[in-house]
Protein chains: 2
Amino acid sequence: MAAEKRGDGTVGKALDVLNEVAEIGSPVRFSSLLKTSKYPKATLYRLLQTLLNQNMLSYNDEEQTYKLGLKLVRMAHAAWLQSSLAPIALPFIDKLSDKVGETVHLAQLDNGQVLYVDKRNPSSPIEMYSQAGKVGPAYCTGVGKAMMAFLDEDALSRVISKQAFFKYTDFTITSEKELRKELSLIKKQGISFDKQEHEAKIICISSPILSSKGRVIGGLSITSSIDIHSIESLEEFKPQLLETSKLIGKEAGAWNFPEQNN
Amino acid sequence: MAAEKRGDGTVGKALDVLNEVAEIGSPVRFSSLLKTSKYPKATLYRLLQTLLNQNMLSYNDEEQTYKLGLKLVRMAHAAWLQSSLAPIALPFIDKLSDKVGETVHLAQLDNGQVLYVDKRNPSSPIEMYSQAGKVGPAYCTGVGKAMMAFLDEDALSRVISKQAFFKYTDFTITSEKELRKELSLIKKQGISFDKQEHEAKIICISSPILSSKGRVIGGLSITSSIDIHSIESLEEFKPQLLETSKLIGKEAGAWNFPEQNN
DNA sequence: AATCCTATTTCCAAATAATGGAACTAAGTT
DNA sequence: AACTTAGTTCCATTATTTGGAAATAGGATT
């Protein structure tokens, strides 16, 4: 279900194809791409060749498959440095991670999803799949809900419209109504929890990172497992979490970090 | 000094502009880009608009500046997963890092440079700037030299021609002749060292990761500082380093990891 | 408040590049 | 040898890109 972009000419089409390859997530053959592609054979073929030339894709001769190129990894590092909260938040996250000894995530909202932009592991990490660059759902993660709770109605409804409300676990929120109720509670409390809503056994406490004008610029969370913590014991991190979020927000202001989100 | 790609039409031009923004490394204004761009005003303008539309760039209204977009961070995560050695090498690197308690880097050659694709920090990290996605010079890093040493002459001369031979420290190798001498020594020993050649005080021991056919697919290093280790004490890691590299090479074979490099 | 900058954005006819149906090639199958 | 399937190339038509120039916006200066 690739997003359709209107009217960006050839560049748009090429990036469309690139996205398709990214979404498939594993090396793909031409014919396989052709089946789901909205472009005719010759066009798709040429777009792939161009992307290959540009090192945005790489091609495996033996298997005749295309996959994303390393050039993207390089570019993304630059993007991460100049466009994410991570470099600004780095020292604060290090400190928080040291203090609490648990997994810490830094996230931003991107196109209605949670984009993790940094992560700190404790010395003995719990098994969990997340990394910088990974995206996750907003409606059933701690950071996602924390950020949504502090959006203005306009931005919020845009974000909500993009939620899939897939029931990952028995505890996943699966309707807009439930979600909005939860969000207003979060806004009151200033903090959100993930009570095994996305992954079984995984719980977290999160807070939004707000700019000086009160606009959402990111989210911060401390994650653990029910084998180690209860929601109640996670709640003890609340002061440190809020303090760190505040410091990051202030620092971001000093760096003129932009506030818009979608 | 952006790489010129000829003949990829509009897509090539757009990616060229994207690269330019990436290389500048900080938010840029239109006029600033225009000065160094090979495209006329209106063309550059439209290319930027297209990239904005596609979320490859983001625009700061107040400052009127362009920077790389978060979409790149998302795509790169996918690229990292499907095109780098990192996912394959992950368990082996974790284990090595645990055993030696030092910083471990996993790198690949990309366009004549060292591209770091993964990194493990010890519990008490030394101060050092490197991350997944970061690139570094090949001629003066442990992993760079280890990988170069095992290239065939054809690939090697291509890579050497791309080296800048900038003198980072008093110990940096600054000529092709010196480098080739060093590389043949490395090939004999099966291991390379970085003796403060890139950053003062930073030393490392590295080995190449070879495919079953003996072709270079990556490099692995254990890094430390002269405050903690001598070159001699780093050398004690040699067996573990070689063992890990071998295991990763074998695993990569099982996964059909491609062997080409430039 | 009028004028002059300078930076950014829009316009449009000419130039160029992209398109895609169809034909072709290569590699495997019956 | 005939047939299938997958990938690549061709080329006249069509659509997009191009870029000089003009318009606009936002300061700064008088």
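Here is how names work: the chains are called A, B, and so on, in the same order as the sequence lines, proteins then strands, and each is numbered from 1. This is a predicted model, so every value here is computed, not measured.
Under a cut-off of 6.0 angstrom, the local environment of NZ in A:K246 is sparse, with at most 12 non-hydrogen atoms contributed by other residues, nucleotides or ligands.
Here the straight-line distance linking atom CD1 of A:I160 with atom CE of A:M148 works out to 5.0 Å at 0.5 Å rounding.
Proximity of the aromatic rings of B:F165 and B:Y139 is defined here by a centroid distance below 6.0 angstrom, and this criterion is met.
Sorted by first then second residue, the side chain to side chain donor-acceptor pair (under 3.5 Å) pairs that include residues 24-35 of chain B, not counting sequence neighbours, number zero.
Ring geometry for B:Y168 against B:H198 counts as perpendicular: the plane angle is over 60°, on a 0 to 90° scale with 30° as the lower cut. The aromatic rings of B:H105 and B:Y116 lie tilted to each other, with the angle between the two planes from 30° to 60°.
The side-chain heavy atoms of A:L210 and A:R215, taken from C-beta on, include no pair separated by under 4.5 Å.
In the 5' to 3' direction, nucleotides of DNA chain C lying under 4.0 Å from heavy atoms of chain B begin and end at C:dA7 to C:dA18.
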* Structure fact -> Protein heavy-atom contacts under 4.0 Å, written 5' to 3' over nucleotides 3-25 of chain D as B (base), S (sugar-phosphate only) or - (none), form the string ---SBBB-------SBBB-----
